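See below for the structure under consideration.
Note that this is a predicted model, so its numbers are computed, not measured. Note on naming: letters A, B, ... go to the chains in the order of the sequence lines (proteins, then strands), and numbering restarts at 1 for each one.
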Protein chains: 2
Amino acid sequence: MENNSIFIEKLRSSGLRPTKQRIKICKLLFDRKKTFHFTINDLSKILKNEISKKISLATIYNTVHSFKKKGYLKEISVNKDKSYFDTNTSNHHHFLDINTNELIDLKNEDVHNIKIKKRIPGKKINSIEVLVKIENSN
Amino acid sequence: MENNSIFIEKLRSSGLRPTKQRIKICKLLFDRKKTFHFTINDLSKILKNEISKKISLATIYNTVHSFKKKGYLKEISVNKDKSYFDTNTSNHHHFLDINTNELIDLKNEDVHNIKIKKRIPGKKINSIEVLVKIENSN
DNA sequence: TTCTAATTTATAATGATTCTAAAGTAGTGT
DNA sequence: ACACTACTTTAGAATCATTATAAATTAGAA
Ligand SMILES: [Mn+2]
Ligand SMILES: [Mn+2]
Ligand SMILES: [Zn+2]
Ligand SMILES: [Zn+2]
């Protein structure tokens, strides 16, 4: 009745025990066609609705952070008081709608190749992140 | 003995009374050759050292926020728990050194022109911000 | 089944930021 | 110069998201 084996494997293979809570959160985050962006608060609310037995807030934090550490989630800080987690862990850029705070993926081909001309001695580039803020155009 | 008149004017012209505290913070932030990046905590420490009579933390928050609202500062959120203020209010991009958390300005000509091919109906672009994370290259 | 370490949980602690409301100050008008 | 008022500063309290704690539960191994 359940199609959990893939998540159980995923968890096991990264040294995380496949608990009910982690499997539930895996299904919620990764068992979908499209990737998405969420806050801890979003996830917490969704779980509150979708689930019979409550998952404690501490577990939600722990799980999201361990998924991030394992590379299953990226964290994207858009401003001082809003930080999203992203189930799309590939290198990609974002629109941020400053009217709604919605974060929207840009495909890599949507952004002309970025070339950084300056270099800092002894440092190498780890990643390049573009945040395009958009607003109502009326 | 003081060269405060320029800051007094700046404050007055934006409807802020030139108080001792605001003038002191203006001098500290804007009376320098190079722009710079700071956190509230940085500023608070600098003031603690440089000043005889203490400025209360609430005033530091209030002042920085009103300077931001007046457009004298930009805020740059680099990750969930670090947000910088920037005395360089022009459009420009940044290196973030992920080993030291230092933020370094990129001149506009250091970043090849960025072209966003995708558009969202009813929305227009407000700004484009590039954050280039760098790390030790050894 | 038994044992152990990992995990979950409720709750407390933390800490950065914001709020409050009382005291102080700058600008205006007389 | 003085008085008046709105603005500002201040210390301390309140808030709230996140992290820590430590007891109960559970998963995996033997
Ligand atoms: Mn959200
Ligand atoms: Mn700093
Ligand atoms: Zn994304
Ligand atoms: Zn800058």
Would the distance check show the side chain of A:Asn79 and the main-chain N or O of A:Asp81 forming a donor-acceptor pair, the cut-off being under 3.5 Å?
yes
N/O donor-acceptor pair under 3.5 Å between B:Arg12 side chain and B:Pro18 backbone:
no
Sub-4.0 Å heavy-atom contacts from residues 57-67 of chain B onto DNA chain D, ordered by number:
B:Ala58, B:Thr59, B:Asn62
Using the side chain to side chain contact (heavy atoms under 4.5 Å, CB included) criterion, which residues pair with [X]? Sequence neighbours excluded.
X	result
B:Ile46	B:Leu28, B:Glu50
A:Lys115	B:His112
A:Lys124	B:Glu135, B:Ser137
B:Phe30	B:Phe7, B:Lys10, B:Cys26, B:Phe67, B:Tyr72, B:Leu73, B:Thr87

Under the ring-ring contact (aromatic ring centres under 6.0 Å, His included) test, which residues partner A:Phe85, sequence neighbours left out?
A:Phe38
List for me each residue that meets ring-ring contact (aromatic ring centres under 6.0 Å, His included) alongside B:His92, sequence neighbours excluded, and say none if there are none.
B:His94
Kindly give the atom pairs (protein nitrogen or oxygen, nucleotide nitrogen or oxygen) under 3.5 Å for nucleotides 24-30 of chain D.
unit_1	atom_1	unit_2	atom_2	d
D:dA27	N3	A:Arg17	NH1	3.2
D:dG28	OP1	A:Arg12	NE	3.2
D:dG28	OP1	A:Arg12	NH2	3.1

First and last nucleotide of DNA chain C in contact with chain A, 5' to 3', at under 4.0 Å to a heavy atom: what are they?
C:dA5 to C:dT17
Could you list the residues that satisfy salt bridge (Lys or Arg N to Asp or Glu O under 4.0 Å) with A:Lys68, not counting sequence neighbours?
A:Glu75
Salt bridge A:Lys133-B:Glu129, side-chain N to carboxylate O under 4.0 Å
yes
Can you run down the salt bridge (Lys or Arg N to Asp or Glu O under 4.0 Å) pairs that involve residues 51-67 of chain A, sequence neighbours left out, and say none if there aren't any?
none
Decide if atom CD1 of B:Ile51 counts as having more than 12 heavy atoms of other residues, nucleotides or ligands within a radius under 6.0 Å.
yes
Mind grabbing the angle between the end helix axes of the helix from C:dT1-D:dA30 to C:dT30-D:dA1? Five pairs an end, 10° rounding.
30°
